[in-house]
Enquirer: 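What follows is a single structure, and I will ask about it in a moment.
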Amino acid sequence: MRVFVAGASGAIGIRLVPQLIDRGHEVVGTFRSASGAERLRALGAQPVALDLLDARAVRTAVLEAKPEAVVHEATALKDVRFSRNLDKTFAATNRLRTEGTDALLAAAREAGVRRFVAQSFASMRYAREGSWVKTEDDPLDPAPVAGTRASNAAMRHLDGVVTDAGGVALRYGGFYGAADDGWVRPIRKRQFPIVGSGAGVLSFIHLDDAAAATVLAVEQDVAGMYNIVDDEPAPIREWVPVLAQAVGAKPPRHFPRWLARIFAGEGGVMMGTESRGASNTKAKRELGWTLRYPSWRQGFVAAYAPSVAAGGAVARPADRTSQPST
């Protein structure tokens, strides 16, 4: 199958491309920098420079590629500075999830593409009531907290237009496993405290497992929403100390809600105390997906502990290519 991957030189794209090629697919991948082009070419993909917000350029690129499937993995999170206002942090990515998704869908429709798979997100989105672990059928948060509303709206838009078009929206957990994961620096600097009771639940997914699930979504005749997360959604009070140990950091600090609100905003407090995790039962059942890292407990150690033991900078184990953050 000929597959057009938008965001192919990003964190998951660079894992997805070799897995697609290993399974016999031909890949056309988009990039935004010269290093991205070189990386994709080395993996065996055909690199194409593309600004996903340029609808005319998107149309041209997709029509010229003549793909049978389109995968949307584009974000704008490389080197981004996270702030207490997540909408500000994700502003550029939100445009990719709205305008970029619309442009890709329109081009795919015109090109007669029969399969469309897009990156969505699972954690911090489900209604903050009832079960701490949610399925795809559970309602999303009807009233996102301040500083997260635009980002939630952008993801709702992506989920809706993609599934309405007969495509697949993959609600990934928090990515980890890259050399420059966004989790690592704040954990090592003890800037990721446990807030209040630390009851907020997050779901994680190793980038290799996320890519494997994406390949299956491309190859199979499926549609709709899938949570792409590992088997162990966990409260922050459980996973933060484990990650700190894996990266050789001191134990995390503990902040009361009022203090965390000053430094992390309403979004940070919600994540630490009320966020719901996600279930992967549907994805495992319908996609036949098997995880290499069923839990972050093994995954964190595999991703970070080897370099810490060697006394070097935190990095994942050697892979086919270096790993950017997005």
Side-chain angles (χ1 to χ4, degrees), residues 75 77 79-94 121-134 138-155 171-176 178 180-205 229-230 232-278 296-297 299-300 304 314 325-326:
T75 63
L77 298 176
D79 301 324
V80 72
R81 294 182 63 85
F82 282 82
S83 72
R84 63 196 306 275
N85 185 324
L86 293 178
D87 285 339
K88 181 178 179 181
T89 300
F90 284 88
T93 293
N94 290 340
F121 190 59
S123 294
M124 300 175 61
R125 294 187 62 201
Y126 287 103
R128 292 168 282 142
E129 59 185 13
S131 171
W132 287 91
V133 179
K134 304 293 188 178
D138 285 315
L140 298 175
D141 191 342
V145 299
T148 71
R149 291 164 188 157
S151 299
N152 274 274
M155 288 183 284
R171 289 179 175 170
Y172 296 114
F175 288 149
Y176 73 94
D180 51 0
D181 277 341
W183 305 105
V184 174
R185 180 175 294 179
I187 292 289
R188 296 195 78 179
K189 291 186 174 183
R190 303 185 78 198
Q191 294 173 344
F192 203 121
I194 295 173
V195 178
S197 65
V201 175
L202 264 70
S203 287
F204 286 97
I205 190 67
V229 299
D230 72 16
E232 191 177 359
I236 283 181
R237 63 174 175 259
E238 290 187 19
W239 66 260
V240 171
V242 175
L243 180 53
Q245 183 176 23
V247 302
K250 294 180 179 179
R253 294 184 171 95
H254 290 254
F255 280 10
R257 293 172 66 114
W258 68 266
L259 182 58
R261 187 171 288 109
I262 295 173
F263 291 100
E266 294 294 340
V269 172
M270 182 275 287
M271 179 176 69
T273 60
E274 298 180 278
S275 176
R276 265 49 178 177
W296 47 268
R297 294 184 190 275
F300 287 170
Y304 309 121
V314 173
S325 62
T326 61

Enquirer: Is there a donor-acceptor contact under 3.5 Å from the side chain of Asp230 to the main chain of Trp296?
Expert: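 Side chain of Asp230 to backbone of Trp296: a pair is present.
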Enquirer: Please report the interatomic distance CZ(Phe175) to OG1(Thr75), rounded to the nearest 0.5 Å.
Expert: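 Going from CZ on Phe175 over to OG1 on Thr75, the span is 8.0 Å.
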Enquirer: Taking all non-hydrogen atoms of both residues into account, name the closest pair between Pro144 and Arg149 and its distance.
Expert: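 Minimum heavy-atom separation between Pro144 and Arg149: O-NE, 2.9 Å.
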Enquirer: Is the count of non-hydrogen atoms from other residues, nucleotides or ligands lying under 6.0 Å from Arg261 atom CZ greater than 12?
Expert: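 More than 12 within 6.0 Å, yes.
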Enquirer: Between Thr93 (side chain only) and Phe90 (backbone N and O only), is there a donor and an acceptor less than 3.5 Å apart?
Expert: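 A pair under 3.5 Å: no.
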Enquirer: My understanding is that only residues two or more places apart in sequence, or in another chain, count here; which of them pass ring pair (Phe, Tyr, Trp, His ring centres under 6.0 Å) with Phe255?
Expert: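 Checked Phe255 against ring pair (Phe, Tyr, Trp, His ring centres under 6.0 Å); zero matches.
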Enquirer: Would you give the length of the straight line joining atom CD of Gln191 to atom CZ of Phe263, rounded to the nearest 0.5 angstrom?
Expert: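 Answer for the CD-CZ pair, Gln191 versus Phe263, is 10.5 Å.
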Enquirer: Quick check against the 3.5 Å criterion: does Arg128 have a side-chain atom that pairs as donor or acceptor with the backbone of Tyr126?
Expert: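 Flag not set: sc Arg128 to bb Tyr126 has no pair under 3.5 Å.
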Enquirer: Distance from Lys88 atom NZ to Asn94 atom CG, nearest 0.5 Å?
Expert: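 CG of Asn94 is found 14.0 Å from NZ of Lys88.
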Enquirer: Would you please test Arg297 and Glu238 for salt bridge (charged side-chain N to carboxylate O under 4.0 Å, His left out) and show each step?
Expert: CA-CA 10 Å; Arg297 294 184 190 275; Glu238 290 187 19; 3.2 Å; yes
Enquirer: If you round to the nearest 0.5 Å, how far is CG of Leu86 from CE of Met124?
Expert: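 The CE atom of Met124 sits 5.5 Å away from the CG atom of Leu86.
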Enquirer: For the CD1 atom of Ile187 and the CH2 atom of Trp239, what is their distance to the nearest 0.5 Å?
Expert: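 It comes to 5.5 Å.
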Enquirer: Closer than 3.5 angstrom, by distance alone: can the side chain of Arg253 be matched with the main-chain N or O of Arg190 as a donor-acceptor pair?
Expert: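 A pair under 3.5 Å: yes.
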Enquirer: Spell out, as yes or no, whether a donor-acceptor pair under 3.5 Å connects the side chain of Asp87 to the backbone of Ala150.
Expert: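 Flag set: sc Asp87 to bb Ala150 pair under 3.5 Å.
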Enquirer: Would you say Arg276's side chain and Gly130's backbone share a donor-acceptor pair under 3.5 angstrom?
Expert: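 Yes, the answer is positive, given that a donor and an acceptor are paired below the 3.5 Å cut-off.
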Enquirer: What heavy-atom pair brings Val133 and Ser131 nearest, and what distance separates the two atoms?
Expert: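 Reported closest heavy-atom pair: O-OG, 2.8 Å.
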Enquirer: If I compare all heavy atoms of Ser203 with all of Val229, which pair ends up nearest, and what's the gap?
Expert: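 That would be CB-CG1, 3.6 Å.
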Enquirer: Specify the closest pair of heavy atoms between Arg188 and Ala249, including all atoms of both residues, with the distance to one decimal.
Expert: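 What the structure gives for the nearest pair is CA-CB, 3.7 Å.
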Enquirer: Tell me the closest heavy-atom pair linking Ala278 and Pro233, and the distance in Å.
Expert: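 It is O-CG, 3.4 Å.
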Enquirer: Within this structure, what is the OG1-CZ distance for the pair Thr273 and Arg257, rounded to the nearest 0.5 Å?
Expert: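 Separation between the atoms: 4.0 Å.
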Enquirer: Under the 3.5 angstrom rule, does the side chain of Ser275 hit a backbone N or O of Leu202 as a donor-acceptor pair?
Expert: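 No: the side chain of Ser275 does not pair with the backbone of Leu202.
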Enquirer: What pair of heavy atoms forms the shortest contact from Asn152 to Arg125, and how long is it?
Expert: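 Smallest interatomic distance, heavy atoms only, reads OD1-CG, 3.9 Å.
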Enquirer: Would you please indicate if the ring centroids of Trp183 and Phe204 are separated by under 6.0 Å?
Expert: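 They qualify: ring centres under 6.0 Å apart.
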